[in-house]
2 protein chains.
Amino acid sequence: MDSFADRTKRRLRDELLDAAQDAIETGGYDGLRMAEVARRTGVSRQTVYNEFGGKWGVLEAVAARETERFLLDVNAALAEQSDPIDGLRAAVERALTLAGANPLIKAALSQPGSDQASQLLTTRGQQVLELAQLRLDAHVREHWPEVPAEDATNCVDVALRVVISHIVTPGPPPAVVAAQLARVLSPFLAESRRLHV
Amino acid sequence: MDSFADRTKRRLRDELLDAAQDAIETGGYDGLRMAEVARRTGVSRQTVYNEFGGKWGVLEAVAARETERFLLDVNAALAEQSDPIDGLRAAVERALTLAGANPLIKAALSQPGSDQASQLLTTRGQQVLELAQLRLDAHVREHWPEVPAEDATNCVDVALRVVISHIVTPGPPPAVVAAQLARVLSPFLAESRRLHV
DNA sequence: ACAAGATGTCCGAGCACTTGACATTCGGAG
DNA sequence: CTCCGAATGTCAAGTGCTCGGACATCTTGT
């Protein structure tokens, strides 16, 4: 099930991604060289192609891994709160803080070759949106089951889009945005809750 | 130079040794099963044979690695002291403490199949003796260059044999033995030093 | 227009692990 | 005592992955 070969394969992939991510954070998508990734990992260029198919595949994989980590972290912040409104605020603040400090996001947003990187960001954004949607939805329905599914979904959807907007176009500090968003959305949730006891 | 393949090879060897060492510490040399080592590492039995040649090779390798670690640790204790006598005491104490807490040594000394394990211990002991000899010698000559090489070597030799004896046949606490040894040997070194200014 | 550098593709050789089979040895049960 | 099971050790064929090199293509700067 988990042979040494399996672990080695995962490790190879991980180290390749480390090298690639480092390159991207330094020079953006254009600064990413397949040969460089191979050299840094101590592997032949062909191996990189075998693993990811091509340069685009590398970017995809790097983004996927980083997304995973990002969501894991945000979920942790969310799970610490029992009140959905507090959870919303905490998750939003954490997400914006992380995004602001993330070199990969920084590189993706500031690079000139954004015609491709930004495209990735949007597709990635879709996945993030879907995954986060599910997670947040579950959280709301767990603690406030009386809120209709549709209302919860809508509220979460709005919050997510605002957050993504703030990531793409940085504005006030994370805590401020989080508080604002919580203040704006809480009445909606509270009323929906009150109407469906 | 340090390709991914190289690292993987080292890791394989290391994980095999981990599994083998664990087995030995549990059931001694007889309790060590080649098939078990292979299974625990997630590798075929043949691979274990390819790596170590046979069961004896596994034991050899486990002992060699543990010896390496042992000496590294003792050397660290030695290096912390500038005065050779203090260094001697510190190294002796550390060695005895480590030996007393080492499951591998415990297994080697207490197992019934000592007809083979003890043989390993003695050959290993030779190597330890030689390596430690060099290291200690260098330490003495670095801080007390006026002591003749022969005197330093003799002193170190005596200390090492006493230490090994105390490992094989546990006696007083490490600190006591270390202090005793230091007290016994320090006059010899001091006089030798005084005579060769 | 040309040269340089990078991506992407193909293929043959080589290496290490796997799999399965078999001989051999040892210790315990009948 | 003999037989059987378990473990060590050995061998050969099969397999997967990587390597190294060659080549076509595309972009970029000169």
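Quick note on labels: first sequence line is chain A, next is B, and so on, each numbered from 1. What's counted below: heavy atoms across the whole structure, side chains too, no hydrogens, waters or symmetry copies.
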Test item: [X] side-chain N/O and [Y] main-chain N/O as donor-acceptor pair under 3.5 Å:
X	Y	value
D6(A)	S3(A)	yes
H143(A)	S82(A)	yes
K55(A)	L32(A)	yes

Within 45° of the ring axis of F4(A) and under 6.0 Å from its six-membered ring centre, is that where the NZ or CZ of K9(A) lies?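 Cation-pi check for K9(A) and F4(A): fails.
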To the nearest Å, give me how far apart [atom1] ([X]) and [atom2] ([N]) are.
X	N	atom1	atom2	answer
E15(B)	dC17(C)	CD	P	12 Å
K55(A)	dA6(C)	NZ	C1'	8 Å
R33(A)	dT27(D)	CZ	C1'	11 Å
D6(B)	dC19(D)	CG	P	10 Å
D30(B)	dC26(C)	CG	P	13 Å
L12(B)	dT18(C)	CG	P	9 Å
M34(A)	dT18(D)	CE	P	14 Å
R11(A)	dT18(D)	CZ	P	15 Å

Would you mind writing out the side-chain donor-acceptor pairs for residues 167-195 of chain A within the sub-3.5 Å range, not counting sequence neighbours?
| unit_1 | atom_1 | unit_2 | atom_2 | d |
| --- | --- | --- | --- | --- |
| S186(A) | OG | A182(A) | O | 3.3 |
| S192(A) | OG | D151(A) | OD2 | 2.8 |
| R193(A) | NE | E146(A) | OE2 | 2.7 |

For DNA chain D, which residues in residues 38-50 of chain B have a heavy atom at a distance below 4.0 Å?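 Of all residues in residues 38-50 of chain B, the ones placing a heavy atom under 4.0 Å from DNA chain D are R45(B), Q46(B), Y49(B).
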Enumerate the salt bridge (charged side-chain N to carboxylate O under 4.0 Å, His left out) contacts for residues 153-170 of chain A, please, sequence neighbours excluded, ordered by first and then second residue.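 For residues 153-170 of chain A: D157(A)-R161(A).
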Pairwise 5' ranking along DNA chain C for E51(B) and G53(A), keeping only the more 5' one: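 In this pair, the answer is G53(A).
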